[in-house]
Structure formats: structure tokens, C-alpha cells
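From a predicted model like this one, the values you see are computed outputs, not experimental measurements. All residue numbers refer to positions in the sequence shown, counting from 1.
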Amino acid sequence: MRNSFNAVSAETKVVTAGDALALRLMRRAYHDIYVPAFPIEDERESLEKIESRLKKPVNGVERVILLAGKHLDDAEKAEVYGISIAYYYGSHHAGLLAYNAIDPKYQQMGLGRLMVKGRIEGLQQLAAKNGQTLQSVMIEVNDPAKIKPEDDSMDPAKRVALFEKWGARQIPVPYVQPPLAPGLEKCDTLLLMAYPQNGKYPDAKGVGAFVAGIYAAHNHGPVDYKDDPDFKATLRALEKWGSFKDLEVVSAPPKPAAPPPNTPAARPK
């Protein structure tokens, strides 16, 4: 019999470094939900890295780690059905929605959309804590024109369609992800997508804040990121693009029809 649970009856909880119960639930969700959702080690973050950077952000990048489930404030009754992660690039006040994983028993019940909303709110709160306004909420997703379905954990075209059902829209500019650690290569097989805030999608300035934020956070030298040719090419394209002319204001998107639940970032940060 199908589980009667749905997102309407779910709770969400942001994990903080000082919340012992939330950390314990996060560790459980990591092993029981996150790892099975992303079995390829290179496609996920280690628990040690997640915990370390939750306690002490690196290069101004803070994390929003969101749990979804029931009784999340009760150590005896707590049940976790989903875990998701977002990054806040404090240098430029922009956010990235990264990982989203849901227990198979609770898939296709609205938790994915709920965790998108919860992470956006968490990013907005981080910006407000720093006396700023969140400039944009972005997603990096494999480009269906460059990545074959058999080479990804989920058909890239289906992932793009899923994000669109949840309200995201593709930013029509070229984008190259900078190396995320010394010794790694750039990634030129990604699309940028944006979620709206308060019914509005970001313009070129907002998207540019994210691009500058991720480049600044991963500026490993020897060339300053502002002189990187790919970075400059994206900013030029954004300036030419300007904004979504037909998407200035949006209403709440329709509920997705049984979307796939586990939505990884293109590469772990």
C-alpha cells in the first residue's frame, strides 16, 4: 500500500553546528538517504567535509543543510525523509541549490519542491544575517546537448524539465564552472538555471553575483578570477542578455507530475 504521507504534513529543519539533535539526524540522513541517492563517491560530498564546513565556512561559503520529515525536534520520534544542501557565497550574496535526496518510500509526494522552498528561505536568512539581500538563487545542471543520458545519474533533459516544473528557468548565456579545488579542471558541460524570489527572476546583475561568487570562492591562482577569460565571457554575455523580458513576475508553478526525487549538482563543491 502506498504511503499516505505528503509534503503538507512534513516539517523542515535547518541544521546548525550547535544543534546536537539536528546534527545527529543529518548524519543518519547522510548514510541512509544521501549516500544511496549518490552512490558514486565523486558525485557527493563526504560527511566529514559537510560537518567541517558547517562549523567553519571556507572562503566565505556557508551551507544551508535542510532536513525534511516528521517530529524533527523530538529525539525519540524523529523521522527524516529527505536531506538537501545549498551554498551561500557571502562575498557576493548569491546562492546555489546543490543536492537534494529523498527516501524512496517518500518520493513523488512533494518533498522536492518543499526542500527547494526551504533552502531558498535559508539562503535569504543568511543574507539578512549579513545585512544583505540575496541577489540570486541558482542551479548548475548538466547540459543535455553535451552530456548523454547514459553518462549521468539521471537523464540531463529530464533533470532540466524537473527543475523547470519547480520554477527554475535557464539563463541563456555560456557558463564554465571554475575548478572547485586545486588540481581539478574547469567544467564546460553545465547550464545555469535560476529560481525566482518573491515572484521575480534575477537579472544580469543577480546572475553575475553568483558567477562572481563561485569564481571568487574557488580562486586558486595564479591568475585572479576577474582576469579569467571564461568568467569575463559569461559577464559579457550576461550584459548583452540583460534579463528575462517575459518572466519578470511569476505565479507559483504547478505541482510536478511524479518528478524524480534525487537531484544532484553537477559536481560536488
Side-chain angles (χ1 to χ4, degrees), residues 42-43 45 53 57-63 85-98 120 123-124 126-127 130-147 151-152 156 159-160 163-164 168-197 200-248 264-269:
D42 289 344
E43 293 184 351
E45 287 192 304
R53 297 196 175 183
V58 175
N59 295 333
V61 182
E62 297 184 68
R63 278 164 167 69
I85 302 173
Y87 306 128
Y88 173 67
Y89 295 95
S91 64
H92 290 78
H93 320 299
L96 174 70
L97 301 192
I120 292 175
L123 290 168
Q124 291 171 332
L126 281 178
N130 289 281
Q132 301 292 332
T133 299
L134 188 65
Q135 297 298 302
S136 56
V137 179
M138 307 298 297
I139 311 171
E140 297 169 322
V141 57
N142 282 331
D143 186 344
K146 296 180 179 180
I147 300 294
D151 294 331
D152 199 354
R159 184 182 291 125
V160 169
F163 289 150
E164 288 176 341
R169 295 293 179 265
Q170 182 181 335
I171 304 298
V173 300
Y175 171 68
V176 177
Q177 184 192 66
L180 301 181
L184 296 183
E185 300 294 327
K186 292 182 176 182
C187 183
D188 61 359
T189 60
L190 302 176
L191 299 175
L192 275 184
M193 301 183 74
Y195 274 107
Q197 293 188 75
K200 293 185 178 181
Y201 289 90
D203 59 10
K205 180 180 178 182
V207 178
F210 163 74
V211 177
I214 191 170
Y215 268 79
H218 300 287
N219 188 33
H220 307 298
V223 178
D224 187 273
Y225 78 91
K226 294 178 182 177
D227 296 321
D228 185 290
D230 293 313
F231 172 75
K232 293 196 290 186
T234 297
L235 291 192
R236 286 195 300 269
L238 283 170
E239 184 177 358
K240 183 177 180 180
W241 167 66
S243 65
F244 287 115
K245 301 301 186 293
D246 58 341
L247 291 174
E248 291 301 320
R267 290 195 292 167
K269 305 294 181 293

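Formation of a donor-acceptor pair under 3.5 Å by the Lys146 side chain with backbone atoms of Asp188 is found in this model. Using a distance-only test at 3.5 Å, with no hydrogens or angles considered, no donor-acceptor pair links the side chain of Asp230 to the main chain of Ala233. The main-chain N or O of Glu164 is found under 3.5 Å from a side-chain atom of Arg169 such that the two form a donor-acceptor pair. The main-chain N or O of Thr133 is found under 3.5 Å from a side-chain atom of Gln135 such that the two form a donor-acceptor pair. Without hydrogens or angle criteria, His92 side chain to Ala209 main chain gives no donor-acceptor distance under 3.5 Å.
Counting all heavy atoms, side chain and backbone alike, Ala98 lies closest to Tyr87 at CB-CE1, 3.6 Å. Ser136 and Gly206 make their closest contact through OG-O, 2.7 Å (heavy atoms, listed as atom of the first residue, atom of the second, distance). The nearest pair of heavy atoms linking Ile214 to Pro178 is O-CG, 3.9 Å. The two residues Arg159 and Val141 have their closest heavy-atom pair at CD-CG2, 3.5 Å. The heavy-atom pair separating Met193 from Val160 by the smallest distance is CE-O, 4.0 Å. Heavy-atom minimum distance, Leu134 versus Gly95: CD1-N, 3.9 Å.
The CD atom of Glu62 sits 6.0 Å away from atom CG of Asn130, with the distance rounded to the nearest 0.5 Å. Distance CG/Asn142 to CG/Leu190: 5.5 Å, rounded to 0.5 Å.
Within 6.0 Å of NZ on Lys205 lie no more than 12 heavy atoms contributed by other residues, nucleotides or ligands.
In this view, Asp224 satisfies the side-chain hydrogen bond (donor to acceptor under 3.5 Å, both in side chains) rule with no residue, not counting sequence neighbours. Residues satisfying the side-chain hydrogen bond (donor to acceptor under 3.5 Å, both in side chains) test with Tyr88, not counting sequence neighbours, are His93. Applying the side-chain hydrogen bond (donor to acceptor under 3.5 Å, both in side chains) test to Tyr175 and every residue at least two apart in sequence or in another chain returns Glu140.
Applying side-chain contact (heavy atoms from CB on, under 4.5 Å) to His218 and the options Asn59, Leu184, Leu180 leaves one that passes, Leu180.
Using a 4.5 Å cut-off on side-chain heavy atoms (C-beta onward), Pro156 and Asp151 make no contact.
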Assess the residue pair Leu97 and Phe163 against the criterion (side-chain contact (heavy atoms from CB on, under 4.5 Å)); give the C-alpha distance rounded to whole Å, side-chain angles, the decisive distance to 0.1 Å, and a yes or no. CA-CA 11 Å; Leu97 301 192; Phe163 289 150; over 6 Å; no
Verify side-chain contact (heavy atoms from CB on, under 4.5 Å) between Leu192 and Ile139, making sure each step is shown before the conclusion. CA-CA 6 Å; Leu192 275 184; Ile139 311 171; over 6 Å; no
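Ring geometry, Tyr225 versus Tyr215: the interplanar angle falls from 30° to 60°, so the pair is classed tilted.
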